[in-house]
Amino acid sequence: MSTLTDPQLKVLLAPVSPQRVSMFRGLAHMEAWDIRRQLLRVFGFGGYGIRTLALDLVAEHSAQLRKKDADGRPYGAPYTAWTVVYRAQVRLTVYATDGRRIGAWDDGAVGEAVHQPSFGDAHDMALKTALSQALKRCATNLGDQFGLSLYDDGSREAVVRWSAAHPPPGDAGKTPAAPDLNADPPVRPEPRTPQPTAPEPAGRDTAAGHPASPDGDAVAREAALAGMWDAARQIQFTDALPEQFADTFGHPLSKGTTTEFQQARALMLGGEAA
């Protein structure tokens, strides 16, 4: 007998809601907090557990940077910018409504924070990104509700659809019909992030000429802006970033805030914004 209830199976076999998926530079993305919300909805409070198996500091270094104006010329006093990288391994365990363990899955991820003016914030952002990414990868073992279909070239259509271990109820005294094993569409490749090759464009937006943003001072804004451009270079997205930023946040880069730059960077790298 299945340890999953019929309502749980119905949700797990359904396609993911498009409203839970966002797009950035052409890749589908789900938020870590939304994954936790769906775990609560499907398995209930106390129906799942998350254990950190490993959390290692991979790299930590600082650099003396200066803010730059719109023409790329440095100005002002130098400040210390921190770059930190963590690697995390996480285990996700889910339980039936009677407390029996259904299964557990391990996975890992790396998270980074680039050019942060605060030493503590750099560590916090990097480790949180690594843990969130690892959790999301574990959760894909639970199917489409947790982002599995997005690996099929960003599809929102259900890719699981049925499970031989959990057949639908048949007519009384009859065996349920076997599913059509040839009904699936051709498998498409997983989305891949290109290796960084593009140079930073001249005249990029900086903190010069802008007041401190409502959610941070000018140094923090400059660091977040630099981190966003660094992420864009990693994925070869520098040319399209200004237009995509305006489409996403409703205003140009020149009016962006520290939080918006951090969110844009997290979306480009598939992590969670601090």
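Being a predicted model, the structure only gives us computed values, none of them experimental.
- Across every non-hydrogen atom of D144 and V16, the tightest pair is O-CB, 3.4 Å.
- Taking hydrophobic clusters as Ile, Leu, Val, Met, Phe, Trp and Tyr residues chained together by side-chain heavy-atom distances below 4.5 Å, W229 does not share a cluster with V114.
- Using a distance-only test at 3.5 Å, with no hydrogens or angles considered, no donor-acceptor pair links the side chain of D56 to the main chain of V58.
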> Stepwise, does the side-chain contact (heavy atoms from CB on, under 4.5 Å) test hold for Y79 with Q64?
Replying inline: CA-CA 5 Å; Y79 66 94; Q64 294 297 307; 5.7 Å; no

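- L267 pairs with exactly one of E31, Q244, M228 by the side chain to side chain contact (heavy atoms under 4.5 Å, CB included) rule, that one being E31.
- Using a 4.5 Å heavy-atom cutoff, the side chains of T93 and R91 are in contact.
- R156 and P15 get closest at one heavy-atom pair: O-CB, 3.5 Å.
- Crowding of R37 atom CZ: a count of heavy atoms from other residues, nucleotides or ligands under 6.0 Å exceeding 12.
- Side chain of T83 to main chain of H115: a donor-acceptor pair is present (N/O by atom type, distance under 3.5 Å, no hydrogens or angles).
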>> The test is side-chain contact (heavy atoms from CB on, under 4.5 Å); show your working for F249 and Q263 and say whether it passes.
In response: CA-CA 10 Å; F249 296 104; Q263 290 174 343; 3.4 Å; yes

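- The shortest non-hydrogen separation linking L65 to A81 is CD1-CB, 3.5 Å.
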>> If you apply the rule side-chain contact (heavy atoms from CB on, under 4.5 Å), what do you find for M30 with V21, and how did you get there?
In response: CA-CA 5 Å; M30 295 182 74; V21 181; 4.3 Å; yes

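- Between Q8 and T97 the shortest side-chain heavy-atom distance falls below 4.5 Å.
- Cluster membership for F43 and L9, using ILVMFWY side-chain heavy atoms within less than 4.5 angstrom, is shared.
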> Yes or no on side-chain contact (heavy atoms from CB on, under 4.5 Å) for V42 and Y48, after CA distance, side-chain angles and deciding distance?
Replying inline: CA-CA 10 Å; V42 176; Y48 72 94; over 6 Å; no

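- Nearest heavy-atom pair, F146 versus I35, reported as atom, atom and distance to 0.1 Å: CE2-O, 3.8 Å.
- A donor-acceptor contact shorter than 3.5 Å is absent between the side chain of E112 and the backbone of Y86.
- Closest non-hydrogen pair, A109 versus Q133, comes out as CB-CB, 3.4 Å.
- For Q116 and H123, the side-chain atoms include no donor-acceptor pair closer than 3.5 Å.
- When only modelled atom types and interatomic distance are considered, Q262 and T258 share no side-chain donor-acceptor pair under 3.5 Å.
- Hydrophobic clustering, with ILVMFWY side chains joined whenever heavy atoms are under 4.5 angstrom apart, keeps W82 apart from L127.
- Residues Q145 and R41 bring no donor and acceptor atom of their side chains to less than 3.5 Å of each other.
- Side chain of D121 to main chain of S118: no donor-acceptor pair is present (N/O by atom type, distance under 3.5 Å, no hydrogens or angles).
- Between L53 atom CG and R51 atom CZ the span is 6.0 Å, to the nearest 0.5 Å.
- For the pair S155 (side chain) and E157 (backbone), a donor-acceptor distance under 3.5 Å is present.
- Nearest approach of R137 to Y151, heavy atoms of both residues: CG-OH, 4.2 Å.
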